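Not measured: the values here are computed from a predicted model. The sequence lines fix the lettering, A, B, ..., with proteins before strands; numbering per chain opens at 1.
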2 protein chains.
Amino acid sequence: MEENTNYTEILKREGMKSTKHRNAILLLLEQSEDPITAEELYISLKENTALINLSTVYRTLDIFVSKNLVIKSTMDDGKARYELNHHEHKHHLFCVGCHKVISIEDCPMGELQESLKKKIDFDVTGHKLEIYGYCHNCKKV
Amino acid sequence: MEENTNYTEILKREGMKSTKHRNAILLLLEQSEDPITAEELYISLKENTALINLSTVYRTLDIFVSKNLVIKSTMDDGKARYELNHHEHKHHLFCVGCHKVISIEDCPMGELQESLKKKIDFDVTGHKLEIYGYCHNCKKV
DNA sequence: ATGCAAATGCAAGGCGTTTGCAAGTAAGTT
DNA sequence: AACTTACTTGCAAACGCCTTGCATTTGCAT
Ligand SMILES: [Mn+2]
Ligand SMILES: [Mn+2]
Ligand SMILES: [Zn+2]
Ligand SMILES: [Zn+2]
């Protein structure tokens, strides 16, 4: 197959073969505004790009996650979502009024991390923070 | 069955029948230091208290959650953990080594909340913070 | 072009959780 | 205490998301 796009170099650099499926998945992830599930990827690929097996989607995503190309988040509905890793430390504000998502780069974890190390000998390697509230347009009356 | 403990009143107040299993589950949750899985509860009940079916454990926990007696947290290993709701503001440490979950009452959100209000006029109503890392026993060498 | 390791499709299985149904039980009524 | 009824439970089957074993196909180094 020779529809390989510009992702070929990234794949090579990470020691992966450049295949149609992998390029298509990276493209879809890049085009997606929000994190998406494996099945959403699978359906979108099937409809727009090329037949693919769901297990291939999972295997590909797993590899991308292990290479730190993709971030996997387990949500409360039991489905994992995947997004490209842009190597920024960011968090999201979810407006419970209009469902808008706002990205912020603020992070309040710094001091807590040290205090956890001292108090209970827990070495923090990462964290997940989601903030809920009302955006400017949806402020309570 | 008449091993009903002091939880009878709580159950009544919430409109639930007081049964052996429900009392036992509440007791176990109260005795547990950290949030535990349904299966851990199930095994502990089977060994120490009384035979019970795993589906009964799940059904009971679901009801407790719906009555706000219990807090359910979905973790990255795909298993939900349950703990008594003490109506405190708390967060969870998830050990990526042994998958133990530790509850903490520290919260670093205070200042960020005010700064978000000032900077982008966002009114925070809630947040979810999960912290990943290595517990005392799993520290890297 | 050839050869081999890596990637894929397919079907089956794993695992945590849920559900339908029949039997059992709590607790109010008589 | 016996009756009544709705709630609770055990059991087995099924669910949904995800993983895995194996035969086949493919990328890519030589
Ligand atoms: Mn952060
Ligand atoms: Mn908090
Ligand atoms: Zn809004
Ligand atoms: Zn640990």
Specify the separation, in whole Å, of atom [atom1] of [X] and atom [atom2] of [N].
X	N	atom1	atom2	value
B/I43	C/dG16	CD1	P	10 Å
B/K20	C/dT25	NZ	C1'	12 Å
A/D62	C/dT8	CG	P	13 Å

Among [options], find the nucleotide with the atom closest to the side chain of [X].
X	options	answer
A/A80	D/dC11, D/dC18, D/dG27	D/dC18
A/E39	D/dC17, C/dT17, C/dA5	D/dC17
A/Y58	D/dC28, D/dC11, D/dC18	D/dC18

Indicate whether OP1 or OP2 belonging to [N] is found under 4.0 Å from a side-chain N or O atom of [X].
X	N	result
A/S55	C/dC10	no
B/T19	C/dA26	no
B/H21	C/dT25	no

Any base atoms under 4.0 Å from [X], or only sugar-phosphate, or nothing? Heavy atoms, all strands.
X	answer
A/R22	sugar-phosphate
B/K79	sugar-phosphate
B/L54	base

Hey, can you tell me if B/F94 and B/Y132 have their rings parallel, tilted or perpendicular (30° and 60° cut-offs)?
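Perpendicular: the ring planes of B/F94 and B/Y132 meet at over 60°.
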Output, in order, the C-alpha distance, side-chain angles, deciding distance and verdict of ring-ring contact (aromatic ring centres under 6.0 Å, His included) for A/H127 and B/H91.
CA-CA 11 Å; A/H127 61 272; B/H91 295 294; over 10 Å; no
Validation row: B/V101, B/L93 side chains within 4.5 angstrom (heavy atoms):
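No, side chains not in contact.
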For a quick test of reading the model, state the closest non-hydrogen atom pair linking B/I52 to B/Y42 and the distance between them.
O-CE1, 3.0 Å
A/R59 or A/T37, whichever maps to the more 5' nucleotide of DNA chain D:
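So the residue in question is A/T37.
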